[in-house]
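None of the values given here were measured: they were computed from a predicted structure.
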Amino acid sequence: MGILKKVMMVMALLIIVMMVMMIGKFTMDRQDDYSVDRTAVTVPSYKESIVKFDQGNAFEKSLPFMASAIIDIDNDGIEELFLGAGKSKSDGMFKFQDGALVAISGSAGIKKENVASYGSVVLDVNKDGKQDLLIAREDGIWLSTNQGGTFDNQKLNATMPNDTVPLSIAIADLNRDGAFDMFVAGYIKHELVEGQNIFREGYGGTSKLFINNGDHTFKDMTESAGLTYQHNTFQSAFLDFNLDGLEDLVVVHDTGHVVTWKNSGNMKFEKIANPNSNTYSYPMGLGITDLGNDGLVDLYFSNVGSTPPNIMIRGDLTDEQVSNWKWILFKNNGNFNFKDVAEEMKIADYEFAWGGIFEDLNLDGLEDLIVSQNYIGLPPHKMPFLRSNGRLLLQTPNGEFAPAGTDARVANRLYSISPLTADFNQDGYPDIIHANLNGDSKLFLSKGGDANYLKVQLSQTIESVGATVKVKLSNGSILSRPYVSGEGLCSDSSHTIIFGLGSNTAKEVNVTYMNGSTDSKNINGNNQTIRF
């Protein structure tokens, strides 16, 4: 046998061994990383159906993201689903009927031309009682105004830098004038991307703070607010972390850090250190909840996890720069004192993930975590059998999170960017959407159960964003949830807050708004919707 033939045989053998190792690694990657006692936890059950919509992301031409949102376009109490499309496709709007989500013809009038829709949030912009839609697209920020089930569309004058596309939108009324202001997360344009593992400062898109002039024209106040930086950014949110009545800002950088900004008043922000400030990560998705029912907002951040090898993802980091590829969970102890409790709550050591959201899926009064997975740009994920299922993690009474996706029958081996939740079938139990790139999305419809619930709806105007809603139960305990606008990744779930009561009864609801006003209602009975 000739030398060349021997060399070729050895190379072929090495390739086979590497492929076997890769298949083994990615198959093992899907396994549950923690053994958590689920004895006291009820696992909800779901029926899966397809949402027929090929999002059509052109990965060679556009960034791998998509807008998604839950919106009630006709005020009938049953919400619809909005899905943003790639360059060559039309955005989609879907109505729940006969146990499935079906397309509304003409996308209810939401229009675009040859640009990808990357992010979206829902808001009653003109305070007429109808829900409108803000959409971040490759060509800018668009406002689709609800005319009663169909939409008029206008491009806002919130202009991003020439090298930047808007990826997602965070909203608040920072100056208390009754009009929405925006922090727009900026990402470098697809054609200018130099690589996916670049951590250096000064590379990437530029995010912007736009203050509303009161007529939906905007002034760029990024620099004067102290928020100027250049780094690719996925997601952000305005939340009051220290309970001083001012909206602070959390920003999730790609190839970088979680950044927390304190609102000092007078439209000035100060960067405050947090557990991720000196550690390099890939924080992408943003989940928002109140795990301790203490009125303090806690935060989940996805990461690349255990999926890619370290040598692939360290990029341009030096040996001295510390990295953390695990999932992150900030417990808010007040006054900007955050602690990463992901490991002790058993969610740190999981796979590559995108958007993640909190929702009480089994209505036991404890917030659970749903996470999207799989990356269209990762070669092994081209093969469906090597992809992850997405994670459904149920919170146990001791605060740990138990994997339950298999038993709940929630698995999605497509390219999910973010989960969303809404109660489409009106049984009180949240249903789950996985918004998928380059293929149909999925609806997981809850099969219900025996637990009690209380739904709380605030006005969907800007005054509600950031409010704290507390429910007092018959056993004397209190459940607390923030009113969240924009959670997951480029997405916005239902704004109806579902409080799981278990076997308890709700007695009272109290709301504290960011402008300092309060409201309350006494409750007579469970399994109902309270509207403010």
Side-chain angles (χ1 to χ4, degrees), residues 67 69 71 110-112 115 117-147 151-162 164-186 205-229 233 236-240 245-249 251 261-270 458-467 483 485-486 492 495 513-517:
I71 178 172
I110 293 183
K111 301 182 183 301
K112 68 180 184 67
V115 290
S117 296
Y118 285 142
S120 52
V121 291
V122 173
L123 180 72
D124 180 2
V125 169
N126 52 10
K127 304 181 182 181
D128 64 353
K130 297 187 284 289
Q131 297 175 27
D132 310 307
L133 195 61
L134 289 162
I135 307 172
R137 295 192 173 113
E138 286 177 315
D139 63 344
I141 306 297
W142 285 77
L143 169 61
S144 292
T145 306
N146 192 340
Q147 302 299 320
F151 293 82
D152 287 342
N153 309 282
Q154 71 174 101
K155 186 178 180 181
L156 301 178
N157 73 326
T159 304
M160 302 297 284
N162 290 333
T164 301
V165 293
L167 201 64
S168 63
I169 307 165
I171 56 174
D173 181 8
L174 296 177
N175 54 7
R176 303 288 185 264
D177 66 351
F180 72 96
D181 308 309
M182 301 184 293
F183 184 84
V184 179
T206 301
S207 300
K208 289 290 183 180
L209 176 67
F210 295 108
I211 301 301
N212 201 319
N213 293 317
D215 57 0
H216 306 328
T217 64
F218 294 86
K219 180 180 181 181
D220 181 351
M221 293 189 63
T222 314
E223 184 174 358
S224 63
L227 291 171
T228 301
Y229 69 89
T233 301
S236 58
F238 285 108
L239 300 158
D240 184 3
L246 299 173
E247 295 91 339
D248 308 303
L249 180 65
V251 175
W261 301 82
K262 178 182 178 181
N263 188 336
S264 302
N266 298 318
M267 210 69 69
K268 302 290 183 184
F269 288 81
E270 174 190 0
L458 306 187
S459 168
Q460 299 223 1
T461 61
I462 194 62
E463 287 80 7
S464 296
V465 175
Y483 183 95
S485 172
D492 199 9
H495 291 185
Y513 296 92
M514 288 302 304
N515 63 11
S517 64

K.L.:
Check for a donor-acceptor pair, side chain of D177 on one end and backbone N or O of A179 on the other, with a separation under 3.5 Å.
P.N.:
yes
K.L.:
For D132 and T145, which I'm curious about, is there any donor-acceptor pair between the side chains at under 3.5 Å?
P.N.:
no
K.L.:
Do you know the tightest heavy-atom contact between S207 and F183?
P.N.:
CB-CZ, 3.5 Å
K.L.:
Quick one: pull up CD in E223 and OG1 in T228 and give me the separation to the nearest 0.5 Å.
P.N.:
5.0 Å
K.L.:
Do you know the tightest heavy-atom contact between G245 and R176?
P.N.:
O-NH2, 3.0 Å
K.L.:
Between A467 and M514, which heavy-atom pair has the shortest distance, and what is it?
P.N.:
N-CG, 4.4 Å
K.L.:
What are the two closest non-hydrogen atoms of A225 and L209, and how far apart are they?
P.N.:
CB-CD2, 3.6 Å
K.L.:
Can you name the residues that form a side-chain contact (heavy atoms from CB on, under 4.5 Å) with N213, not counting sequence neighbours?
P.N.:
D215, T217, K219
K.L.:
Considering residues at least two apart in sequence or located in another chain, which fulfil the side-chain contact (heavy atoms from CB on, under 4.5 Å) criterion with T164?
P.N.:
M160, P161, T206
K.L.:
Between D128 and K130 (salt bridge meaning N to carboxylate O under 4.0 Å), is one present in this structure?
P.N.:
yes
K.L.:
Quick one: do T461 and D124 satisfy side chain to side chain donor-acceptor pair (under 3.5 Å)? Show the steps, please.
P.N.:
CA-CA 5 Å; T461 61; D124 180 2; over 6 Å; no
K.L.:
Has the side chain of S464 got a donor or acceptor atom that lies under 3.5 Å from a matching backbone atom of S459?
P.N.:
yes
K.L.:
So which atom in D181 and which in N175 form the shortest heavy-atom distance, rounded to 0.1 Å?
P.N.:
OD2-OD1, 3.6 Å
K.L.:
Taking C-beta and beyond as the side chain, do I135 and I110 meet within less than 4.5 Å on heavy atoms?
P.N.:
yes
K.L.:
In plain terms, say whether K112 and E138 are close enough for a salt bridge, that is, a side-chain N and a carboxylate O under 4.0 Å apart.
P.N.:
no
K.L.:
Is a side-chain N or O of D492 found less than 3.5 angstrom from the main chain of V122, in a donor-acceptor match?
P.N.:
yes
K.L.:
Taking the side chain as every heavy atom from C-beta outward, state whether V184 and F218 have any pair of such atoms under 4.5 Å apart.
P.N.:
no
K.L.:
Out of curiosity, I141 CD1 to I169 CD1, how far, rounded to the nearest 0.5 Å?
P.N.:
4.0 Å
K.L.:
Would you say the side chain of D240 lies within less than 4.5 Å of the side chain of E247, judging by non-hydrogen atoms?
P.N.:
no
K.L.:
Residues two or more places apart in sequence or in another chain: which of them pass salt bridge (charged side-chain N to carboxylate O under 4.0 Å, His left out) with D220?
P.N.:
K208
K.L.:
Using 0.5 Å steps for rounding, measure from the OH atom of Y229 to the CH2 atom of W261.
P.N.:
7.5 Å
K.L.:
Would you give the length of the straight line joining atom OG of S264 to atom CG of D248, rounded to the nearest 0.5 angstrom?
P.N.:
8.5 Å
K.L.:
Hey, could you give me the CG/CG distance between L249 and L174, rounded to the nearest 0.5 Å?
P.N.:
9.0 Å
K.L.:
To the nearest 0.5 Å, what is the distance between CZ on F210 and CG on L156?
P.N.:
10.0 Å
K.L.:
Which atom pair, heavy atoms only, marks the closest approach of A136 to P166?
P.N.:
CB-O, 3.7 Å
K.L.:
Kindly determine whether T233 and L167 satisfy side-chain contact (heavy atoms from CB on, under 4.5 Å), including the steps that lead there.
P.N.:
CA-CA 8 Å; T233 301; L167 201 64; over 6 Å; no
K.L.:
Look at the side chain of N212 and the backbone N and O of F180, then say whether any donor-acceptor pair between them is shorter than 3.5 Å.
P.N.:
yes
K.L.:
Quick check: does any side chain N or O of K268 sit under 3.5 Å from a backbone N or O of S224, one acting as donor and the other as acceptor?
P.N.:
yes
K.L.:
Does the side chain of W142 come within less than 4.5 Å of K111's, by heavy atoms?
P.N.:
no
